[in-house]
Asks: 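Below you will find the structure I want to go over with you.
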Amino acid sequence: MPSSRTGRPPVQRAVRRPAASRTARQNPVLRLYTRARDAWDRPLTAYYLILGGSLLITVLGLVMVYSASQIKALQMSLPGSYFFRKQLLAAAIGAVLLLVASRMPVKLHRALAYPILAGAVFLMALVQVPGIGMAVNGNQNWIALGGSFQIQPSEFGKLALVLWGADLLARKQDKKLLTQWKHMLVPLVPVAFMLLGLIMLGGDMGTAIILTAILFGLLWLAGAPTRLFVGVLSVAAAIGMVLIKTSPNRMARLQCIGATDPGPGDACWQAVHGIYALASGGIFGSGLGASVEKWGQLPEAHTDFIFAVTGEELGLAGTLSVLALFAALGYAGIRVAGRTEDPFVRYAAGGVTTWITAQAVINIGAVLGLLPIAGVPLPLFSYGGSALLPTMFAIGLLIAFARDEPAARAALSLRQPRFGRKRGGGGPTGPRRWNTMRRRASARSSGER
């Protein structure tokens, strides 16, 4: 090494860092953005978003169901916690279903597609049998199980269409058949229209809209050409317009979009009082349990319009939090569907994401007065065990798919429990060596080197 005139080795200049890294280090906003982007791109991000987001939505939904349903229960001469206890029981059963679905292999999910579809069709047909099916709010789509327990088979039809449609399209893709339009449509579209027909026999157009959204989501993921997509959409829109025109109740709901006055005969009473509830909440709300509209002014306060009560009691901050949780859940589902190589996982994850996001948009849009009231609950949030159970099973599907990604699988295999063997300890001698070194260090004097 050449020496300087003083005989000392020359001082080596530090390697200059790129200007971008210095800027990121000096700018706290850019540094925070970089850290957030790195955290967002981690292998387990989708897994934690689905698990954490669905858990938070369910827990917050339980709290709001308890708050929004107390007055309704007391008006029916029932205990104030009646609806909350039923929802808590459904959430406990749903948690078991979620855990089972998240631990099941993909092959078993595919094997369950046909039995779930057959069971859903049988129950949906059973609804129309006199003495077995029952009507609620004018819709013949419920089966009484005894006592105060009821089941809505059309909610399980959504899960059936997702699983069966994903398995069907995956098998056809493996055989290179999706390039032909007839294989893309048959038998997916006829079976979907059969489910829609069974639902519309009971008059439940809201659930039929969700099922139609799932069908279009599967066709879009399968790469349906534009003319085919537009053709199916045109047929569905024409049928929908006929069903709306022939029903005075549906026409009245359509005319209540953006209404600010109940109108003649209080036709828009529910829509207007939903807006009143949101408007009176302000930024941070009137406080949990302090809603005024739930005292008989707002119909279905604990089911279809629970988002309005949330806005009144928790304010804009609470409603934006709910929207953010659904947005995170939707993003995680899209990420799982986009990063997988398994066609079944892609179709099933895309179908579940379409189902939950479409239903949330329709419910929240109706409360905000932007869409007609369709009578569909807010997923994981509104009261209703029939809607909660298949939705939590579908969330378990997404968790299983997120865990099955190669990068996520590798990251999960590297995780070790906090208590137990030390990382790199090599067995039972690891902790003993550490304790010996600690005793030696404590025996030294403070000035010893």
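The analysis underlying the following values was restricted to heavy atoms, covering all of them including side chains, and did not include hydrogens, waters or symmetry mates.
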Asks: According to the interplanar angle, ranging from 0 to 90°, do the rings of Tyr276 and His273 count as parallel (below 30°), tilted (30 to 60°) or perpendicular (above 60°)?
Replies: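 It falls in the perpendicular class, over 60°.
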Asks: Would you please say whether a donor-acceptor pair under 3.5 Å links the side chains of Arg250 and Gln255?
Replies: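 Checked: Arg250/Gln255 side chains show no N/O donor-acceptor pair below 3.5 Å.
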Asks: Should the heavy atoms of other residues, nucleotides or ligands under 6.0 Å from CZ of Phe229 be counted, would the total exceed 12?
Replies: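 Atom CZ in Phe229 is crowded, with more than 12 foreign heavy atoms closer than 6.0 Å.
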Asks: Regarding Ser286 and Glu313, do their side chains bring together a donor and an acceptor under 3.5 Å, going by distance alone?
Replies: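 There is no such pair (donor and acceptor under 3.5 Å, judged by atom type) between the side chains of Ser286 and Glu313.
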Asks: Name the orientation class of the two ring planes belonging to Tyr114 and Trp164 (parallel below 30°, tilted from 30 to 60°, perpendicular beyond 60°).
Replies: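 Correct class here is perpendicular.
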Asks: Above 12 or not: heavy atoms from other molecules or residues under 6.0 Å from CZ of Arg171?
Replies: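 Yes, the 6.0 Å shell around CZ holds more than 12 heavy atoms from other groups.
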Asks: Kindly compute the distance separating CG (Asn139) from CD (Gln152), expressed to the nearest 0.5 Å.
Replies: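 Asn139 atom CG to Gln152 atom CD measures 8.0 Å (nearest 0.5 Å).
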Asks: With side chain to side chain contact (heavy atoms under 4.5 Å, CB included) as the test, would you mind laying out the steps for Glu300 and Gln270 before giving the verdict?
Replies: CA-CA 9 Å; Glu300 307 297 336; Gln270 187 179 24; 3.7 Å; yes
Asks: Locate the shortest heavy-atom distance separating Thr391 from Pro379; write the atom from each residue and the value.
Replies: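 Between these two residues, the closest heavy atoms are CG2-CB, 4.4 Å.
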Asks: Rounded to the nearest 0.5 Å, what separation is found between the CD atom of Glu293 and the CD1 atom of Ile275?
Replies: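 The distance works out to 11.0 Å.
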Asks: Is the CD atom of Glu341 crowded by more than 12 outside heavy atoms at less than 6.0 Å?
Replies: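 Counting neighbours around CD of Glu341, 12 or fewer heavy atoms of other residues, nucleotides or ligands fall under 6.0 Å, so no.
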Asks: Hey, is the main chain of Pro390 close enough, under 3.5 Å, to the side chain of Lys158 for a donor-acceptor pair?
Replies: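 Here the side-chain-to-backbone pair does not exist.
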Asks: Using the ring of Phe149 (Phe, Tyr or Trp, six-membered ring only), decide whether Lys86 places NZ or CZ under 6.0 Å from its centre and within 45 degrees of its axis.
Replies: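 Yes; both conditions hold, so Lys86 lies above the ring face of Phe149.
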Asks: Tell me whether Arg42 at atom CZ has more than 12 heavy atoms from other residues, nucleotides or ligands lying less than 6.0 Å away.
Replies: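 No.
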Asks: Quick one: CG on Asn363 to CZ on Phe381, what's the gap to the nearest 0.5 Å?
Replies: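 Nearest 0.5 Å value for the CG-CZ distance: 10.0 Å.
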Asks: Report yes or no: does Arg409 contribute a side-chain atom to a donor-acceptor pair with the main-chain N or O of Asp404 at less than 3.5 Å?
Replies: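 Yes: the side chain of Arg409 pairs with the backbone of Asp404.
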Asks: What is the distance from atom CG of Leu178 to atom NE2 of His183, rounded to the nearest 0.5 Å?
Replies: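 So the gap between those two atoms works out to 9.5 Å.
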Asks: Any side-chain to backbone donor/acceptor pair from Thr340 onto Ala337? Under 3.5 Å, distance only.
Replies: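 No, because the side chain of Thr340 does not come within donor-acceptor range (under 3.5 Å) of the backbone of Ala337.
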Asks: Are there over 12 heavy-atom neighbours, none belonging to Arg85, within less than 6.0 Å of that residue's CZ?
Replies: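 Above 12, so yes.
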Asks: If only side-chain N and O atoms count, and only distance matters, is there a donor-acceptor pair under 3.5 Å linking Ser67 with Lys294?
Replies: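 The answer is yes; a qualifying pair exists.
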Asks: Once you round to the nearest 0.5 Å, how far does CD1 of Ile244 lie from CD1 of Ile239?
Replies: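 Atom-to-atom, Ile244:CD1 and Ile239:CD1 are 12.0 Å apart.
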Asks: Evaluate the ring planes of His109 and Phe393, with Trp represented by its six-membered ring, and classify them as parallel (under 30°), tilted (30 to 60°) or perpendicular (over 60°).
Replies: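 Perpendicular: the ring planes of His109 and Phe393 meet at over 60°.
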